[in-house]
Amino acid sequence: MAKNLDSLDKKILRMIAEDARIPFLEVARACEVSGAAIHQRMQKLNKLGVLKGSHFLIDPEKIGYETCAYIGLNLRNPETFDKAVDALRDIPEVVECHYTTGDYDLFIKLYAQNNHHLLTIIHDKLQPLGLARSETIIAFGSAFDRQLPIVDILDKEADDDE
């Protein structure tokens, strides 16, 4: 996929990775191209799937969701896999769902208002999915949370191309 990216695309990615709210005209000035050219490149990056949406991040704790939990799920009947994933999509507290290898069929991340709310979600929303078992890990906090370091990856690719 990175082979489809030229030096202008890479410069744009570096800039927006540092500040997603940077105005296109500021990016255009730094890249010495027109604002229209930046707009076209952003559309191209979206179409290629390099950029996935644009949104604000809400701090769950600031809106009353104090418990973050990761839960490994094992389904009793593997034939219900797609149905379980669709049902997980309908649970608003579930913010991530991953297909995994190893001990779990699925691994999810969710936010709950507190431990009691977490128990209610597990009992009322997850157990009806036909779980054989689940394992819950409560996170006390995040040491860090970041995007992939664009600069390092793109610089390494440039070195590999030489």
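Atom set for the values below is all heavy atoms of this structure, side chains included, hydrogens, waters and symmetry mates excluded.
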Chemist: Given side chains that start at C-beta, do those of Tyr111 and Gln113 come closer than 4.5 Å, heavy atoms only?
Modeler: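 Not touching, per the 4.5 Å side-chain cut-off.
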Chemist: Mind checking the CD-CD1 spacing from Glu96 to Ile108? Nearest 0.5 Å is all I need.
Modeler: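 One finds 10.5 Å between CD of Glu96 and CD1 of Ile108.
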Chemist: Report yes or no: do Leu88 and Leu131 belong to one cluster of Ile/Leu/Val/Met/Phe/Trp/Tyr joined by side chain heavy-atom distances under 4.5 Å?
Modeler: yes
Chemist: Does any pair with a residue in residues 24-48 pass salt bridge (charged side-chain N to carboxylate O under 4.0 Å, His left out), and if so which ones, sequence neighbours excluded?
Modeler: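 Listed by first then second residue: Asp6-Arg41, Asp9-Arg41, Asp9-Lys44.
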Chemist: Hey, could you give me each pair passing salt bridge (charged side-chain N to carboxylate O under 4.0 Å, His left out) that has a residue in residues 117-135? Not counting sequence neighbours.
Modeler: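 Sorted result for residues 117-135: Glu93-Lys125.
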Chemist: Do the side chains of Phe81 and Leu73 join up, straight or via other hydrophobic residues, at under 4.5 Å, putting them in one cluster?
Modeler: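 Yes; tracing contacts between hydrophobic side chains, which count when under 4.5 Å, links both residues.
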Chemist: Is it the case that over 12 heavy atoms from other parts of the model lie below 6.0 angstrom from the CD1 atom of Ile63?
Modeler: yes
Chemist: Are Tyr99 and Phe107 close enough that their ring centers fall under 6.0 Å?
Modeler: no
Chemist: Would you compute the distance between atom OG1 of Thr67 and atom CD of Glu61 and round it to the nearest 0.5 angstrom?
Modeler: 9.0 Å
Chemist: Sort out for me which residue in Ile122, Ile121, Val95 forms a side-chain contact (heavy atoms from CB on, under 4.5 Å) with Leu110.
Modeler: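 Among Ile122, Ile121, Val95, the one meeting side-chain contact (heavy atoms from CB on, under 4.5 Å) with Leu110 is Ile121.
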Chemist: Drop me the distance from Ile138's CD1 to Thr136's OG1, to the nearest 0.5 angstrom.
Modeler: 7.5 Å
Chemist: If you round to the nearest 0.5 Å, how far is OH of Tyr104 from CG of Leu75?
Modeler: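 Answer for the CG-OH pair, Leu75 versus Tyr104, is 13.5 Å.
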Chemist: Of all the heavy-atom pairs spanning Ile16 and Ile22, show the shortest one and how long it is.
Modeler: CG2-CG2, 4.0 Å
Chemist: Just jot down the side chain to side chain contact (heavy atoms under 4.5 Å, CB included) partners of Phe24, sequence neighbours excluded, or say none.
Modeler: Ile38, His39, Met42
Chemist: With a 4.5 Å limit on heavy-atom distance, are the side chains of Ile12 and Cys31 in contact?
Modeler: yes
Chemist: So if you build clusters from Ile, Leu, Val, Met, Phe, Trp, Tyr with side-chain heavy-atom gaps below 4.5 Å, do Leu13 and Val33 land together?
Modeler: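 Same cluster.
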Chemist: How far does CG of Asn114 sit from CG of Leu118, to the nearest 0.5 angstrom?
Modeler: 8.5 Å
